[in-house]
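Mind looking over this structure? Questions follow.
Sequence positions, counted from 1, serve as the residue numbers for this chain.
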Amino acid sequence: MKKNYEFIWSDGWYIEDRNAWFIDGQRDVLCCLDLETSECEYVVQIPNSNTNKFRLNPRCIKRENEIYCLPDIGDNIWIYNIDKEYFENIKIDNPNKDRLSITNIWEFNNKLFIVSVGLKKIIEINPEHKVVDNYYTICFCDNEKIANSIKVETNIFSVSAVSNMIYQFDLELKKVTVHTISNATSAFHTISYDGCNFWLTGYNKAIYIWNRDKNETKIIADFPKQFGIYDFAGKKKTILDCEKNVYDVPTFLMSSAVGQYVWFIPFQTNQVIYVDKRTYEMNVLEIDEEIETRESLSRNTMNSKYLLQYVLDNRYFGLFSFKQNCIYEIDADRKKIIKSRLGFTTNYINKYISQQTFYESNKFDRVLFNHFFLWRGVEINELSERSKTIGKMIYEQF
């Protein structure tokens, strides 16, 4: 199969030297992308027993010769030893069977600290003995929810998804401090730090710039007139609403300080926004082929515009587009967009198509199915006899 723009999504890449490690969010497969050859290798299937592999362990980090695979819907941390080619796991105490949703992990004093959104806890991992040393509760209120977190120096900051509060966890003192952003009219979802100020967004057309030392907050609300939210649910007459100022979902999925700007990545809104750290001037990065249609929205089963895959050299960041099924690399200095040409090794393709299930909602699956079966003259009836799990009725449209 020739290289093309079709790729697979994950919840983030771990980049080290010439390799990017990530986990296929649909199939729970650990992958390694060679950044020099732009070819992706199928490394290993994570040995979860769940039949549904969707977002079981969609994030990973590499530490020495081991890959830590972090659970979202899954129930434990899987650790893959690259040299010895075997897995170990760390069980997470979760008596209520909450969705763990581990979104971040950092190393501090030879320990690993992870944030579990579902448990509302920070979990301290001993990487030498592969055990949990401690659980630290971020907030005790039953109705509280947390969203994104960042590490700044010796502290982890987590934003509330239901209020205007920020939780600060001191990694040295193991103590939580609560900050209230008094002039915020929204709960929060994203948080980033530019070296001086924290940048927060929530469920409205507003960006909050919080200076922790002065406890002062500036608000940017002069969004472009063309900025709006798409109707992913397909219930409205128009697919883009630019008049609404308060949303039912987060305005942005993620944010990141890259170069001289802070970048805001849409969840269901239509424009990538970047704001100058010094002047607070707001700008739009235009990606023409990302303009949605009713048809493209109906095919987007993830109900999201993008996923942020990586930030590199404080200059480049990669977005996975669900509309185009590709990686856009953004040069934050030059405002240049490169649609990455990524391919897969023969070994990867062979292992991928040997799996029993193809997902019609996954564009990459549709391309492979079309190429390796229909283009080779295999009749649908014949194929269905060979593999009862391939949805004959789903693929009759091809």
Quiz item: Should the pair E289-K339 be classified as a salt bridge under the 4.0 Å nitrogen-to-oxygen rule?
Solution: yes
Quiz item: Should the heavy atoms of other residues, nucleotides or ligands under 6.0 Å from NZ of K175 be counted, would the total exceed 12?
Solution: no
Quiz item: So, the side chain of D34 versus the backbone of E36: is there a donor-acceptor pair under 3.5 Å, distance only?
Solution: yes
Quiz item: Less than 4.0 Å between a side-chain N and a carboxylate O, is that true for R315 and D333?
Solution: yes
Exercise. Please work out which of the three classes, parallel, tilted or perpendicular, describes the rings of Y203 and H189, given edges at 30° and 60°.
Key: perpendicular
Exercise. Decide yes or no for T190 and V159: does some side-chain heavy atom of the first lie under 4.5 Å from some side-chain heavy atom of the second?
Key: no
Exercise. Starting from the C-alpha separation in whole Å, work towards a yes-or-no answer on salt bridge (Lys or Arg N to Asp or Glu O under 4.0 Å) for E144 and K120.
Key: CA-CA 8 Å; E144 180 61 289; K120 294 181 286 189; over 6 Å; no
Quiz item: Is it true that the side chains of E88 and N81 contain a donor and an acceptor less than 3.5 Å apart?
Solution: no
Exercise. Taking only Lys NZ, Arg NE, NH1 and NH2, and the carboxylate oxygens of Asp or Glu, determine whether E292 and K305 approach each other closer than 4.0 Å.
Key: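 Salt bridge between E292 and K305, a charged N being under 4.0 Å from a carboxylate O: yes.
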Practice problem: Any chance you could measure R212, atom CZ, to N197, atom CG, to the nearest 0.5 Å? | Solution: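 That separation rounds to 11.0 Å.
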Self-check item: CD1-CG distance between I265 and L308, expressed to the nearest 0.5 angstrom
Solution: 5.5 Å
Quiz item: With a 4.5 Å heavy-atom cut-off, do I92 and V132 have their side chains touching?
Solution: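 When only atoms from C-beta onward are counted, V132 and I92 do touch, with a gap below 4.5 Å.
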Self-check item: Neighbour count above 12 (heavy atom, 6.0 Å) for N65 CG
Solution: yes
Exercise. Go through the structure and list residues passing ring pair (Phe, Tyr, Trp, His ring centres under 6.0 Å) with Y42, not counting sequence neighbours.
Key: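 Result, ring pair (Phe, Tyr, Trp, His ring centres under 6.0 Å) vs Y42: Y348.
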Exercise. Starting at CG of N50, measure out to CG of N57 and round the result to the nearest 0.5 Å.
Key: 9.0 Å
Quiz item: Going hydrophobic residue to hydrophobic residue with side-chain gaps under 4.5 angstrom, can you get from M282 over to F317?
Solution: yes
Quiz item: Which residues satisfy the side chain to side chain contact (heavy atoms under 4.5 Å, CB included) test with L312, sequence neighbours excluded?
Solution: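 In terms of side chain to side chain contact (heavy atoms under 4.5 Å, CB included), with neighbours along the sequence ignored, L312 is linked to I15, Y310, Y316.
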Quiz item: Taking atom OG1 of T269 and atom CG of D241, what is their separation to the nearest 0.5 Å?
Solution: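 Between T269 OG1 and D241 CG, I get 12.0 Å after rounding to 0.5 Å.
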Quiz item: For S321 and E290, does a side-chain donor sit closer than 3.5 Å to a side-chain acceptor?
Solution: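 Short answer, yes.
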Quiz item: Of the non-hydrogen atoms in D231 and K236, which two are nearest, and what is the gap between them?
Solution: OD2-N, 2.8 Å
Quiz item: Is it the case that more than 12 heavy atoms not belonging to K336 sit under 6.0 Å from its NZ atom?
Solution: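 Not buried by this count: 12 neighbours or fewer within 6.0 Å.
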Quiz item: In terms of side-chain heavy atoms, does N211 have a donor or acceptor partner in E216 at a distance below 3.5 Å?
Solution: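 Short answer, no.
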Exercise. State, without any angle test, whether S192 and S256 hold a side-chain donor-acceptor pair at a distance under 3.5 Å.
Key: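 No pair is found: no donor N or O on one side chain lies under 3.5 Å from an acceptor on the other.
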Quiz item: Step by step, would you call D75 with R99 a salt bridge (Lys or Arg N to Asp or Glu O under 4.0 Å)?
Solution: CA-CA 8 Å; D75 55 10; R99 177 174 176 176; over 6 Å; no
Self-check item: Hydrophobic cluster identity match, I77 and W106, side-chain contacts under 4.5 Å
Solution: no
Quiz prompt | Candidates W210, Y167, Y208, F169 - the one meeting ring-ring contact (aromatic ring centres under 6.0 Å, His included) with H179 | solution = W210
Quiz prompt | Test log, rule ring-ring contact (aromatic ring centres under 6.0 Å, His included), inputs F198 and F157 | solution = CA-CA 10 Å; F198 292 84; F157 293 85; 4.6 Å; yes
Quiz item: Should V44 and Y352 be regarded as members of a common hydrophobic cluster, given that ILVMFWY residues are connected when their side-chain heavy atoms come within less than 4.5 Å of each other, either directly or indirectly?
Solution: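 Result: no, two separate clusters.
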Quiz item: Of the options F188, Y274, W199, F227, which is the one that meets F252 in a ring-ring contact (aromatic ring centres under 6.0 Å, His included)?
Solution: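 Answer to the ring-ring contact (aromatic ring centres under 6.0 Å, His included) test with F252 among F188, Y274, W199, F227: F227.
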Quiz item: For the atom pair CD1 (I150) and CD1 (I191), what is the distance rounded to the nearest 0.5 Å?
Solution: 4.0 Å
Quiz item: Just by distance, do the side chain of S340 and the backbone of L342 share a donor-acceptor pair under 3.5 Å?
Solution: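 Pair absent, no side-chain N/O of S340 close to backbone of L342.
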Quiz item: Hey, mind stepping through E286 and V272 against side-chain contact (heavy atoms from CB on, under 4.5 Å) and telling me if it holds?
Solution: CA-CA 7 Å; E286 300 286 356; V272 177; over 6 Å; no
Practice problem: Determine whether L319 and Y14 fall in the same hydrophobic cluster, where Ile, Leu, Val, Met, Phe, Trp and Tyr are linked whenever their side-chain heavy atoms lie under 4.5 Å apart. | Solution: no
Quiz item: Do other residues, nucleotides or ligands put more than 12 heavy atoms under 6.0 Å from K244 NZ?
Solution: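 For K244, atom NZ is crowded (more than 12 foreign heavy atoms under 6.0 Å).
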Practice problem: State yes or no: do L119 and I125 share one hydrophobic cluster built from I, L, V, M, F, W and Y residues joined by side-chain heavy-atom distances below 4.5 Å, directly or via other members? | Solution: yes
Quiz item: Are more than 12 heavy atoms from other residues, nucleotides or ligands located less than 6.0 Å from atom NZ of K145?
Solution: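 No, not enclosed.
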Quiz item: Do D28 and N48 get their side chains close enough for a donor-acceptor pair, meaning under 3.5 Å?
Solution: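 Checked: D28/N48 side chains pair up, N/O donor to acceptor below 3.5 Å.
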Practice problem: Find the distance between NZ (K53) and CD1 (I23) and round it off to the nearest 0.5 Å. | Solution: 12.5 Å
